[in-house]
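Shown next, in structure tokens, is the structure this report addresses.
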Amino acid sequence: MLLAELQNHKLPAEFYQRPTLEIALELLGKVLVCVRPEGVAAGYIVETEAYIGQDDPACHAYKGLTPRNKTMWGEPGLAYVYFTYGNHWMLNTVTERADYPAAALLRGLQPLLGLDLMHQRRQLDQLKGKPADYKLANGPGKLCQALGITGALNGFSLQSEELFIANPPAEAALPPFEVVQTTRIGITRGMDSPWRYYVAGNKSVSKT
DNA sequence: GGGCTGATTTGCT
DNA sequence: GCAAATCAGCCCG
């Protein structure tokens, strides 16, 4: 079964102990897996953004350490989950090294496992019917909703049993793809840094 | 397909 | 109080 394969190919701690831009780039095509009591959901990462250090005006760490952004100063490989806009959770992977606040935001997922569960969680309106599969997690807020990720997972290790990122086995990998590098989305400061990456042509990218 | 707008909570000024 | 690493609904074409 694919889930067992994925569990055996978790990214090692060293993967996260590197420059954030490298990590954001290399996360593309990896598989994010979330195991909750109600079931398993997983998808290919197709869009990421880097937020790097206290000098990056768009990074939450810009204004210094607060209870909310504390996880960014933690060990690389932790999940930094935060709440914004009154409705939405966001998932990041902590990068670089402990005591240095940096993270890669996961912005888009191409659904792979647990499609029914994702539809159930993302159900908007009984009358409207199901959204297309590629729209289940094509955005950072939707991604968390589809996988059942909430603040309860903030500070969890991304090598845990509940939430982890894995290198898919060759037979389950995304077909070869090109990467587009561009500026970040949804921010009001630090808009010049081209720290967003996505899989060219993939429909689960939030905006092209 | 694209543009505009209200929703709704948390954390910090 | 207000801004926020957003989303969905509604209108238009």
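Bear in mind that the values here come from a model prediction, so they are computed numbers and not experimental data.
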*Using the criterion of both pairing distances under 3.5 Å for Watson-Crick and G-U wobble pairs, give all stems of 3 or more consecutive pairs involving DNA chain B.*
B:1-7 with C:6-12, B:9-12 with C:1-4

Have a look at [X] and say if it touches a base, only the backbone sugar-phosphate, or nothing, with a 4.0 Å heavy-atom cut-off.
| X | answer |
| --- | --- |
| Arg107(A) | sugar-phosphate |
| Asn69(A) | nothing |
| Ile187(A) | sugar-phosphate |

*Is Arg18(A) positioned over the aromatic face of Tyr16(A), cation under 6.0 angstrom from the ring centre and no more than 45 degrees off axis?*
no

*Using a strict cut-off of less than 4.0 Å between a Lys/Arg side-chain nitrogen and an Asp/Glu carboxylate oxygen, indicate whether Lys203(A) and Asp133(A) qualify as a salt bridge.*
no

*Give a yes or no on whether a salt bridge exists between Glu49(A) and Arg107(A), defined as a side-chain N under 4.0 angstrom from a carboxylate O.*
yes

Rounded distance (Å) that lies between atom [atom2] of [N] and atom [atom1] of [X]:
| X | N | atom1 | atom2 | value |
| --- | --- | --- | --- | --- |
| Tyr82(A) | dA4(C) | OH | P | 12 Å |
| Arg121(A) | dC7(C) | CZ | P | 17 Å |
| Phe83(A) | dA4(C) | CZ | P | 16 Å |
| Asn154(A) | dG11(B) | CG | C1' | 14 Å |
| Met90(A) | dT10(B) | CE | P | 15 Å |
| Lys135(A) | dC7(C) | NZ | P | 13 Å |
| Asn87(A) | dT9(B) | CG | P | 8 Å |
| Lys63(A) | dA5(C) | NZ | C1' | 13 Å |

*Return the stacking result for dA7(B) and Tyr85(A): yes when the ring centres lie under 5.5 Å apart and the planes under 30°, no otherwise.*
no

*To the nearest 0.5 angstrom, please state how far the CG atom of Leu136(A) sits from the OG atom of Ser204(A).*
8.0 Å

*Can a side chain N or O of Arg122(A) be found less than 4.0 Å away from OP1 or OP2 on dA8(C)?*
yes

*Any side-chain N or O of His60(A) less than 4.0 Å from the OP1 or OP2 oxygen of dA5(C)?*
yes

*Would you sort out whether Leu27(A) and Leu11(A) count as a side chain to side chain contact (heavy atoms under 4.5 Å, CB included), showing the intermediate values?*
CA-CA 10 Å; Leu27(A) 280 173; Leu11(A) 298 180; 4.2 Å; yes

*Other hydrophobic cluster members with Tyr80(A), side-chain heavy atoms of Ile/Leu/Val/Met/Phe/Trp/Tyr under 4.5 Å, chained?*
Tyr51(A), Leu65(A), Met72(A), Trp73(A), Leu78(A), Tyr82(A), Met90(A), Val94(A), Leu105(A), Ile187(A), Met191(A)

*Residues that Ala98(A) engages under side chain to side chain contact (heavy atoms under 4.5 Å, CB included), provided they are two or more places apart*: Glu75(A)

*Identify, between Asn138(A) and Thr188(A), the residue whose nearest nucleotide on DNA chain C lies closer to the 5' end.*
Thr188(A)

